[in-house]
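Note that these values count all heavy atoms, side chains included, but never hydrogens, waters or copies made by symmetry.
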Amino acid sequence: MKKKKVNLRDIGPKKHQGEHGREDGHNHNNPGKTSNFRTYLPAIFSLVLLISGIAVDYFDTFPFFKGWIRIIWYSVAYIPVGFPVIREGWNSIRRGDFFTEFFLMSLATLGAFAIGEYPEGVAVMLFYAVGELFQNAAVNRARGNIRALLDERPDHTLVFRNGNFISVDPETVEIGERMQVRVGEKIALDGKLLSEKASLNTAAITGESKPDTINKGDEVFAGSINLDGVVEIETIKEFKDSSIARILDMVQNATARKSKTELFIRKFARIYTPIVVFLAIGLTFFPYFFVDDYVFRDWLYRALIFLVISCPCALVISIPLGYFGGLGAASRNGILFKGASFLDAMTKVNTVVMDKTGTVTKGVFKIKEIKSMVFEEAEFMKYLMAMEEQSTHPIAKAILEYKAVGSDYEATEVTEVAGKGLEGTVNGKSVLVGNKALMTANSIVVPSETEGIVESIVMVATDRKFAGYVTIADELKEDAQRAIEQIRDAGISHIIMLSGDKDSITQQVSQELSIDWAKGGLLPEDKLNEVEILKKQPDTTVAFLGDGINDAPVLAASDVGIAMGGLGSDVAIETADVIIQTDQPSKIARAVKIGRSTRNIVWQNIGLAFGVKIIVLILGAGGLATMWEAVFADVGVALLAIFNAVRLQRMTWD
């Protein structure tokens with residue numbers, strides 16, 4: 001799956017192409033810029049003229065305010081808010097798109113002027129302009145999280161060149177160069193820590209405010225803030241491939257992937273708007289044939305009310321804004337959806353399938369138990385560590401993390417026994433380190449207590465006598481148990497674990513976490529087959545939770561693919577639909593809740609818009625509603641829908 005590359009220097013608060021763009025005519029110029037008085041000046045000017053004009057009309061204190069003077073007064077009030085709408089309607093017509101809300105608003109208000117209802121014509125355009133201002137403010141608020149990410153993008157970094165650290169543009173830094181980051185500065189590119197230790201604020205990347213302690217050789221990510229002391233970092237990626245750049249790319253592209261609800265509303269508006277125009281024409285002329293006291297002006301006024309009420313602004317504005325708010329809220333919580341469609345899909349998930357290693361476990365081997373039968377524990381570990389220093393196996397690395405007291409032993413004459421372990425000499429004793437097959441091959445009796453151990457086990461014998469064993473296991477993530485509980489609380493009925501680790505370990509972890517069903521010893525294609533079988537079951541929507549390259553086929557095949565630790569896996573980022581930045585499985589339940597909250601907001605707005613419009617349309621057609629009720633049914637409902645959508649930015653999901 002190839003993704004469109006985004007020039008990061010062009011992203012952000014420079015310009016916002018409206019959520020609807022040219023598809024339905026909406027286009028909001030520069031809402032990313034800080035609002036100032038000039039933005040509101042046209043609406044304020046029109047409001048002052050409108051109120052003063054209505055006051056003069058009502059009190060009738062100025063006899064001269066009649067005829068052409070009154071027409072000119074209201075025309076001057078109309079132009080600042082009406083001309084931009086008329087211009088946009090004309091541009092839409094030139095593009096071949098006749099029936100837009102701009103056309104409806106222009107037709108209705110110019111018609112109101114034609115029949116002498118000047119205040120109503122100005123009011124419709126004025127309140128529409130106010131609605132646009134509120135919408136722009138709401139979009140700015142929803143985009144706040146993305147702009148916050150953009151703020152984390154450093155515009156310079158110190159790089160060691162020609163014997164000195166010099167300040168350069170991050171885009172000019174090459175892989176392998178050495179950067180220096182001072183206290184309070186942001187890391188400009190992904191890299192490897194050269195200093196002994198660093199304390200970093202990774203909130204921009206993970207959504208977590210808790211500082212991370214990074215040790216020498218560990219990977220650090222662009223956008224992190226150095227909290228303590230000057231550190232040096234060796235770059236491992238170019239600026240365009242850094243973590244912060246990839247996140248920005250994903251979030252920006254997410255807004256282009258529309259949900260089915262958004263796409264339906266757009267198609268509906270294209271069909272609905274011309275129908276409304278022809279109904280308004282019919283409402284104007286057809287009563288002539290059926291009504292005895294037909295008055296053209298009265299029925300034209302009703303038709304104009306009908307047009308204003310029927311304008312689909314509330315729908316085409318608030319629904320994309322609702323989804324945009326959901327995407328922003330998820331981003332603030334360390335969850336990246338690749339599109340609004342996946343916010344919808346997340347609400348339908350009823351089966352969660354997860355990998356084990358790196359997903360609910362840390363993917364790092366740790367010593368679980370040490371059992372020495374001949375020596376004191378520290379002495380026993382010195383023999384074992386001396387041998388394991390000769391190995392590069394991940395289990396050997398876990399054993400070498402043990403801190404033994406006293407002088408270290410040195411292993412000599414070490415040889416590897418293929419598939420079984422190591423043999424050599426330590427401190428004058430012959431030592432065997434490996435699995436049960438190695439012990440059996442050397443006629444060493446292994447205690448029966450080792451038979452029931454499901455974790456990886458390393459056995460040790462000295463001078464042909466069994467000396468003890470060490471069990472090695474992958475640790476559960478701190479929030480793994482909580483994650484399963486929260487997923488169930490979110491209404492997910494089935495939780496399944498599929499792992500490439502041996503089945504006995506998979507079953508043990510599954511039981512510990514109270515997972516419904518588990519299967520281990522699977523290759524990537526085996527996992528894929530299991531998920532395909534699940535998807536064929538009726539009324540089953542599957543989300544797969546994985547952490548890396550080997551899970552890519554299943555991430556792609558599932559209804560919703562969720563990648564853990566996405567920053568460390570390019571394949572996961574490219575394949576998954578949702579990225580959990582914090583590597584916490586407990587965020588899955590939160591992703592479901594955010595999706596449901598977004599869906600609820602969107603459908604509330606749809607119900608509000610249709611409900612009010614239908615009621616006022618009927619009243620308007622019957623002559624029981626004026627242009628003022630029409631303004632509420634259109635702009636008022638749009639404002640209420642916008643305010644409702646903005647609620648997503650204030651919600652919390654615990």
Side-chain angles (χ1 to χ4, degrees), residues 145 149 199-214 218-221 223-224 243-244 246-247 250-251 326-338 342-343 346 349 352-364 366 474-492 495-499 509-510 512-515 543-548 551 554-555 558 560-569 572-573 575-597 651-654:
N145 295 291
L149 283 174
S199 179
L200 304 178
N201 179 345
T202 60
I205 308 300
T206 65
E208 295 294 316
S209 57
K210 182 181 178 182
D212 282 346
T213 299
I214 309 297
D218 289 345
E219 191 171 354
V220 296
F221 299 110
S224 303
S243 54
I244 197 75
R246 299 203 313 249
I247 291 171
M250 277 193 297
V251 177
L327 292 170
S331 177
R332 189 180 69 243
N333 281 270
I335 305 165
L336 294 180
F337 284 87
K338 285 190 176 179
F342 302 118
L343 273 168
M346 204 70 192
V349 170
V352 170
V353 181
M354 58 181 63
D355 180 39
K356 179 184 74 68
T357 307
T359 302
V360 295
T361 68
K362 295 180 179 178
V364 179
K366 295 287 184 183
D474 191 1
E475 287 185 295
L476 285 175
K477 290 181 178 178
E478 288 80 0
D479 70 331
Q481 188 71 58
R482 185 171 74 254
I484 302 301
E485 294 171 358
Q486 290 178 348
I487 290 172
R488 292 196 188 282
D489 290 342
I492 306 298
I495 304 176
I496 296 168
M497 178 177 287
L498 301 176
S499 176
V509 172
S510 172
E512 192 172 346
L513 295 176
S514 300
I515 288 173
F544 181 82
L545 185 60
D547 72 309
D551 292 323
V554 203
L555 287 169
S558 57
V560 182
I562 307 171
M564 301 294 296
L567 293 178
S569 173
I573 278 189
T575 308
D577 307 313
V578 184
I579 309 296
I580 305 298
Q581 297 183 78
T582 59
D583 207 24
Q584 294 173 295
S586 57
K587 289 291 180 74
I588 303 306
R590 190 171 299 181
V592 173
K593 292 176 182 177
I594 292 173
R596 289 175 180 170
S597 295
M651 289 183 181
T652 57
W653 299 269
D654 297 322

Problem - Minimum heavy-atom distance Gly546-Asp355, with the two atoms named - result: CA-CB, 4.2 Å
Problem - Distance in Å, Phe342 CZ paired with Leu327 CG, rounded so as to fall on 0.5 Å steps - result: 11.0 Å
Practice task
Working to the nearest 0.5 Å, report the span between CD1 of Ile484 and CD of Gln486.
Solution key: 10.0 Å
Fill in the blank from the handout: Correct closest heavy-atom pair for Leu476 and Glu512 would be CD1-OE2, 3.3 Å
Practice task
Calculate, to the nearest 0.5 Å, the distance between atoms CG and CG belonging to Asp577 and Leu343 respectively.
Solution key: 11.5 Å
Exercise for the section: Look only at the side chain of Asp479 and the backbone of Ser586, and say whether a donor-acceptor pair between them is shorter than 3.5 Å. Expected result: yes
Fill in the blank from the handout: So CD1 of Ile580 and CD1 of Ile562: to nearest 0.5 Å the spacing works out to 6.0 Å
Practice task
Spell out, as yes or no, whether a donor-acceptor pair under 3.5 Å connects the side chain of Lys587 to the backbone of Asn333.
Solution key: yes
Handout entry: Step-by-step side chain to side chain contact (heavy atoms under 4.5 Å, CB included) determination, Ile335 to Met346
Key = CA-CA 12 Å; Ile335 305 165; Met346 204 70 192; over 6 Å; no
Fill in the blank from the handout: Heavy-atom nearest pair, Ala490 first then Ala589, reads CB-CB, 4.5 Å
Exercise for the section: Can you sort out the partners of Glu485 under salt bridge (Lys or Arg N to Asp or Glu O under 4.0 Å), two or more places apart, ordered by chain and number? Expected result: none
Problem - Test item: Arg590 side-chain N/O and Gly334 main-chain N/O as donor-acceptor pair under 3.5 Å - result: no
Handout entry: Side-chain touch Leu498/Val554, heavy atoms, less than 4.5 angstrom
Key = no
Handout entry: Reported OG1-to-NZ distance for the pair Thr359 and Lys477, which is rounded to 0.5 angstrom
Key = 6.0 Å
Handout entry: Stepwise side chain to side chain contact (heavy atoms under 4.5 Å, CB included) check, Ile588 with Met354
Key = CA-CA 11 Å; Ile588 303 306; Met354 58 181 63; over 6 Å; no
Handout entry: Step-by-step side chain to side chain contact (heavy atoms under 4.5 Å, CB included) determination, Gln481 to Leu513
Key = CA-CA 6 Å; Gln481 188 71 58; Leu513 295 176; 3.7 Å; yes
